[in-house]
Amino acid sequence: MADDTNAQAPSTELWVERTGVRRYTGRSSRGAEVLVGSVDVEGVFTPGELLKIALAACSGMSTDHVLARRLGEDYDALVRVSGDADRENEVYPELNEILELDLSELDEAARERLVTIARRAIDQVCTVGRTLKAGTVVNLDITTD
């Protein structure tokens, strides 16, 4: 019998659907939804904000196991992310993250070790950050009726 422990889970299907002027709803085949639109539309994320949130969430999730092991399952963490768009070139030339942790109960050496481990975890397994740093190929097809 084949070992399925390394079998890859089916890919989640993702799409956005136009729901108004400069307003879309992002959906996944797992039932998740996110409202997307321009900065002048209330109650939505802009695509750039979602990019930044994806980066922050990926960094946080990349450190979750190592931090929980040392700080306990209920540790608090906040990942802030910022970066202004260069509107002339329509890119974000720099994104800045701050991972906020309460390490006050650790001695200085333990804090430094944990910060090093957290950085290493992000560098090794944060797919979003690694993709942004490396760049990626984006292919676009347009289908018509």
Side-chain angles (χ1 to χ4, degrees), residues 1-87 89-141:
M1 185 191 248
D3 179 7
D4 288 337
T5 56
N6 291 325
Q8 201 169 11
S11 185
T12 301
E13 209 177 315
L14 302 170
W15 67 96
V16 297
E17 181 179 346
R18 187 172 191 265
T19 55
V21 177
R22 299 198 35 88
R23 194 180 171 100
Y24 288 76
T25 299
R27 298 190 191 328
S28 84
S29 58
R30 295 191 334 270
E33 291 185 353
V34 63
L35 301 178
V36 185
S38 61
V39 71
D40 60 337
V41 177
E42 281 298 312
V44 301
F45 290 105
T46 68
E49 289 167 343
L50 288 174
L51 174 76
K52 293 177 207 176
I53 287 172
L55 176 62
C58 189
S59 293
M61 291 172 66
S62 296
T63 62
D64 205 69
H65 181 68
V66 295
L67 293 176
R69 188 174 42 211
R70 180 61 179 96
L71 303 174
E73 289 293 325
D74 63 344
Y75 77 93
D76 292 326
L78 179 69
V79 184
R80 297 184 188 276
V81 62
S82 62
D84 293 329
D86 170 353
R87 289 296 171 210
N89 296 300
E90 290 298 334
V91 297
Y92 290 96
E94 183 175 353
L95 298 174
N96 302 291
E97 293 181 280
I98 300 171
L99 172 55
E100 297 178 7
L101 299 168
D102 180 1
L103 303 181
S104 60
E105 294 191 14
L106 302 179
D107 65 40
E108 184 64 31
R111 279 195 299 268
E112 287 179 20
R113 276 193 309 275
L114 194 53
V115 166
T116 298
I117 291 167
R119 283 185 187 280
R120 189 176 307 130
I122 292 168
D123 288 343
Q124 291 176 347
V125 299
C126 178
T127 306
V128 176
R130 292 172 59 88
T131 300
L132 288 170
K133 288 175 184 176
T136 193
V137 174
V138 177
N139 301 303
L140 171 67
D141 288 329

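Judged by distance alone, the side chains of Ser59 and Glu97 do bring a donor and an acceptor atom under 3.5 Å apart.
Interatomic distance, Leu67 CG to Leu103 CG, rounded to the nearest 0.5 Å: 7.5 Å. Of the inter-residue distances, the one linking Thr25 atom OG1 with Trp15 atom CH2 reads 11.0 Å to the nearest 0.5 angstrom. Taking CG from Leu101 and CG from Asp76, the interatomic distance works out to 9.5 Å, rounded to the nearest 0.5 Å. Note: Asn89 CG to Asp86 CG = 4.0 Å, rounded to the nearest 0.5 Å.
Evaluation of the salt bridge (charged side-chain N to carboxylate O under 4.0 Å, His left out) test over residues 65-75, restricted to residues two or more places apart or in two chains, returns none.
For the pair Arg27/Glu17, a side-chain contact is recorded, criterion being any heavy-atom separation below 4.5 Å from C-beta on. Leu35 is not listed as a side-chain neighbour of Phe45, based on a closest heavy-atom distance of 4.5 Å or more.
Of all the heavy atoms in Val44 and Val36, the pair that sits closest is CB-C, 3.8 Å. The two residues Asp64 and Tyr75 come nearest to each other via the heavy atoms OD1-OH, 3.0 Å.
Judged by distance alone, the side chain of Ser28 and the main-chain N or O of Ala32 form a donor-acceptor pair under 3.5 Å. Under a 3.5 Å cut-off, the side chain of Lys52 and the backbone N or O of Gly83 do form a donor-acceptor pair.
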Just list the side-chain donor-acceptor pairs under 3.5 Å for residues 105-132, sequence neighbours left out, or say none.
| residue | atom | partner | partner atom | Å |
| --- | --- | --- | --- | --- |
| Asp107 | OD1 | Ala109 | N | 3.1 |
| Asp107 | OD1 | Ala110 | N | 2.7 |
| Glu108 | OE1 | Arg111 | NH2 | 2.7 |
| Arg111 | NH1 | Leu106 | O | 2.5 |
| Thr116 | OG1 | Glu112 | O | 3.0 |
| Arg130 | NH1 | Asp123 | O | 2.9 |
| Thr131 | OG1 | Thr127 | O | 2.7 |

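Here Arg80 pairs with Glu100 in a salt bridge; the nearest charged N to carboxylate O distance falls below 4.0 Å.
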